[in-house]
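Values reported hereafter were calculated over all heavy atoms of this structure, with side chains retained and with hydrogens, waters and symmetry mates removed.
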Amino acid sequence: LKELVGFGPPRKMPRKQNSKRDKVRLTVEQKQEALEAFALYDVDGSGEIDEHELLLAFKSLGFESKPSEIKKMVSLYDHDGNGV
């Protein structure tokens, strides 16, 4: 009965094998496009996107984010605490 209701022993899902073939490779043109897109939002040219620049980027992409939300998002990934 437990198996019929979904409470049976957990089934193991097959794991995806990681291989070098699975890596995404960008063309020179794609890399250049990514750099150009980054430069649009790196307003001060520092090579990093700070909270203010990220807020501007989100707004330009149509996302209405509050500064407090951006600050929280940055804090999740800002391991050294420098704000970028």
Side-chain angles (χ1 to χ4, degrees):
L1 178 64
K2 288 181 182 179
E3 286 87 9
L4 294 175
V5 189
F7 294 108
R11 296 181 185 158
K12 290 189 176 183
M13 298 296 292
R15 291 184 179 230
K16 182 179 176 187
Q17 296 293 325
N18 292 333
S19 72
K20 291 183 181 179
R21 291 181 292 157
D22 292 341
K23 288 187 178 182
V24 176
R25 303 232 187 260
L26 298 177
T27 65
V28 173
E29 293 82 15
Q30 290 170 320
K31 289 177 185 178
Q32 185 60 35
E33 288 177 10
L35 288 172
E36 289 172 8
F38 183 86
L40 288 174
Y41 301 112
D42 181 20
V43 178
D44 62 3
S46 66
E48 300 173 326
I49 303 289
D50 62 24
E51 291 175 12
H52 176 70
E53 292 166 329
L54 187 59
L55 181 62
L56 293 175
F58 271 50
K59 284 184 179 181
S60 74
L61 294 170
F63 296 100
E64 293 299 324
S65 299
K66 297 177 183 176
S68 61
E69 294 171 324
I70 297 295
K71 187 176 185 90
K72 183 176 179 181
M73 187 183 312
V74 169
S75 72
L76 291 172
Y77 299 99
D78 182 21
H79 302 294
D80 62 4
N82 68 356
V84 292

Problem set entry | Spacing of CG belonging to Leu40 relative to OG belonging to Ser60, to within rounding of 0.5 Å | 8.0 Å

Exercise. Is there a side-chain contact between Ile70 and Phe58, using heavy atoms and a 4.5 Å cut-off?
Worked result: yes

Exercise. Any donor-acceptor pair under 3.5 Å linking the side chain of Asp42 with the backbone of Gly47?
Worked result: yes

Exercise. If you group Ile, Leu, Val, Met, Phe, Trp and Tyr by side-chain heavy-atom gaps below 4.5 Å, do Leu35 and Leu61 land in one group?
Worked result: no

Seminar exercise, completed: dist Glu64:CD -> Glu69:CD (nearest 0.5 Å) comes out at 10.0 Å

Problem set entry | Taking every non-hydrogen atom, the tightest pair across Leu56 and Val43 | CD1-CG2, 4.4 Å

For this session: Keeping the roles fixed (side chain from Glu51, backbone from Met73), state whether a donor-acceptor pair exists under 3.5 Å.
Result: no

Exercise. Taking everything shown except Phe38 itself, do over 12 heavy atoms lie less than 6.0 Å from its CZ?
Worked result: yes

Problem set entry | Minimum-distance pair of heavy atoms, taken over all atoms of Gln30 and Arg25 | OE1-O, 4.0 Å

For this session: Would you mind reporting whether Asp50 and Glu53 have side-chain heavy atoms less than 4.5 Å apart?
Result: yes

Exercise. Is there a side chain to side chain contact (heavy atoms under 4.5 Å, CB included) between Leu55 and Tyr41 once you walk through the steps?
Worked result: CA-CA 10 Å; Leu55 181 62; Tyr41 301 112; over 6 Å; no

